[in-house]
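Values below: all heavy atoms of this structure, side chains included; hydrogens, waters and symmetry mates excluded. One-based numbering, in listed order, for ligands and for the atoms of each.
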Amino acid sequence: MQFIDLEAQQRERLPDGRTIREAVDTRIAAVLNHGRYILGPEVEELESTLAAYVGVDHCIAVASGTDALLIALMALGVRAGDEVITTPFSFIATSETIALLGATPVYVDINPASYNLDPAKLEQAISPCTKAIIPVSLYGQPADFPAINAIANRHGLPVIEDGAQSFGSTQLGHRSCSLSTIGTTSFFPSKPLGGYGDGGACFTNDPELADRMRRISRHGQERRYFHSDIGVNGRIDTLQAAILLAKLPNFQQEVEARGRIGAAYSSKLNAAGISSTPQLAPGNTSVYAQYTVRVPNRAEVQAALQQQGIPTAVHYPTLLCQQPALLCQHSCCSTGCAAPLAQTASEQVMSLPMHPWLSDADQDRVVSALASVLQLHSLSSAT
Ligand SMILES: *Cc1c(COP(=O)(O)O)cnc(C)c1O
């Protein structure tokens with residue numbers, strides 16, 4: 001059993017009857033024929049298709065989800081001495097990009113039910129240095145944007161949704177990456193919309209921010225060899241855009257399969273007496289980029305499952321505020337890094353095999369293996 005089965009994806013059939021593999025081969029051949037490897041026509045085609053899917057005016061396709069965050073922060077003018085509020089319970093990129101610009105990540109603890117930034121603790125973290133807020137839509141469901149946006153608006157602060165894990169999910173009928181000032185996502189192969197390499201995108205309805213993000217992703221170039229902004233080489237490859245375009249006709253079907261498989265996991269696990277299943281906040285759907293439960297004695301549970309050929313993973317074992325690379329060295333850091341609920345989550349969470357092609361039989365095997373491992377464990381620790 002694989003944690004995420006990307007081989008199965010290549011065999012899937014598109015609405016036109018071809019396999020994804022065949023459609024990808026055709027798209028790659030077209031790029032090799034026209035030869036426009038940088039900013040070829042597939043890039044614009046991808047951007048307009050994704051903007052329409054998300055329901056925003058502008059999409060800028062970039063080289064990775066990390067670059068999407070960096071470019072969004074640069075477009076908002078974040079620089080040394082600024083603070084950016086975010087969650088400590090995420091992948092390194094969320095904070096790394098803040099630190100790269102010389103700004104300070106300020107951490108707000110999570111809501112332990114959704115694992116996302118707790119809006120009730122947001123306002124007390126805002127200081128005169130605050131320049132932006134980056135909630136992460138972790139594991140596949142959006143953070144609480146109605147509450148976060150209301151606070152941000154009161155303080156005139158922009159909000160970047162890190163939607164690397166939530167692309168395709170919705171909140172109150174609106175798609176992830178359309179829920180705040182800027183949405184960013186990743187096309188890393190294992191993400192809900194994965195390419196076959198690195199890629200990412202920024203989304204916004206603000207035309208000025210869109211222009212700035214596009215410019216910054218292309219060396220801040222306003223016209224050929226004239227540079228109005230400091231930028232980066234953050235363009236998506238034409239080849240990667242072509243691969244994503246080949247896969248897109250099946251994406252919504254994959255999103256639905258993810259929702260179905262996630263819900264089936266929850267009911268099977270609950271029926272087996274395991275209650276630490278993901279909780280969807282009201283109004284949210286999830287794409288279950290990770291299907292994550294909490295377990296006691298995690299390392300032993302993981303080892304026992306591995307023995308039965310069931311891979312698991314931990315997202316994430318170390319909080320961002322405890323990463324050696326990010327230990328706060330700035331006196332401006334106003335709130336410190338105390339995040340006890342994120343800390344407990346980081347010690348307990350465990351992600352199970354999850355992808356749109358997970359069979360019923362494999363899912364049943366995961367559920368019964370986990371149930372028996374946990375039961376054995378409680379018996380042995382009781383004696
Ligand atoms: C994967 C991920 C990123 C970074 O995306 P890359 O495309 O790998 O650079 C950022 N934030 C979160 C929450 C992620 O899961």
Side-chain angles (χ1 to χ4, degrees), residues 3-4 6 46 50 59-74 84-101 105 107-108 110 114-117 132-143 145 148 159-169 176-177 179-180 182-203 213 217 232-237 239-241 243-244 247 258 278 286-292 313-321 323 325-326 342 345-346 349 351 354-355:
F3 190 69
I4 295 177
L6 292 178
L46 178 70
L50 292 180
C59 166
I60 298 98
V62 298
S64 69
T66 305
D67 272 356
L69 285 165
L70 181 66
I71 290 162
L73 287 165
M74 289 171 80
V84 177
I85 297 174
T86 189
T87 165
F89 199 47
S90 181
F91 180 61
I92 185 74
T94 318
S95 278
E96 181 184 35
T97 47
I98 299 168
L100 258 176
L101 295 172
Y107 298 104
V108 169
I110 59 167
S114 68
Y115 299 101
N116 285 328
L117 187 150
I133 304 167
I134 311 184
V136 178
S137 296
L138 200 72
Y139 300 155
Q141 73 168 316
F145 284 95
I148 292 167
V159 177
I160 302 171
E161 177 190 9
D162 181 347
Q165 301 186 10
S166 59
F167 198 71
S169 71
S176 173
C177 291
L179 304 171
S180 64
I182 297 172
T184 67
T185 197
S186 163
F187 307 128
F188 186 85
S190 61
K191 301 290 162 102
L193 177 58
Y196 296 145
D198 280 310
C202 303
F203 298 88
M213 289 194 288
S217 74
V232 294
N233 180 351
R235 301 166 301 227
I236 194 170
D237 287 344
L239 278 169
Q240 211 49 250
I243 289 165
L244 287 161
K247 298 178 68 185
R258 286 174 171 282
S286 178
V287 288
Y288 297 101
Q290 310 298 343
Y291 186 92
T292 305
V314 175
H315 306 94
Y316 294 90
T318 304
L319 298 187
L320 297 179
C321 50
Q323 295 291 353
L326 287 167
S346 73
V349 292
S351 303
M354 174 72 209
H355 55 83

Full working for side-chain contact (heavy atoms from CB on, under 4.5 Å) between L193 and T185:
CA-CA 9 Å; L193 177 58; T185 197; over 6 Å; no

Extract all donor-acceptor atom pairs below 3.5 Å that involve side chains of residues 59-72 and protein atoms in other chains or at least two apart in sequence.
| unit_1 | atom_1 | unit_2 | atom_2 | d |
| --- | --- | --- | --- | --- |
| S64 | OG | T66 | N | 3.3 |
| S64 | OG | D67 | N | 2.9 |

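- Inter-residue side-chain proximity for T86 and Y107 is flagged as met; some heavy-atom pair is nearer than 4.5 Å.
- Neither side chain, S286 nor S169, offers a donor N or O lying under 3.5 Å from an acceptor on the other.
- Inspection of the S114 and Q141 side chains reveals no N or O donor paired with an N or O acceptor under 3.5 Å.
- Residues with a heavy atom under 4.0 Å from ligand 1: S64, G65, T66, S90, F91, A93, T94, V136, D162, A164, Q165, S186, F188, K191, G199, Y316.
- Just one residue in the list Y288, Y115, Y316, Y291 forms a ring-ring contact (aromatic ring centres under 6.0 Å, His included) with Y139, and that residue is Y115.
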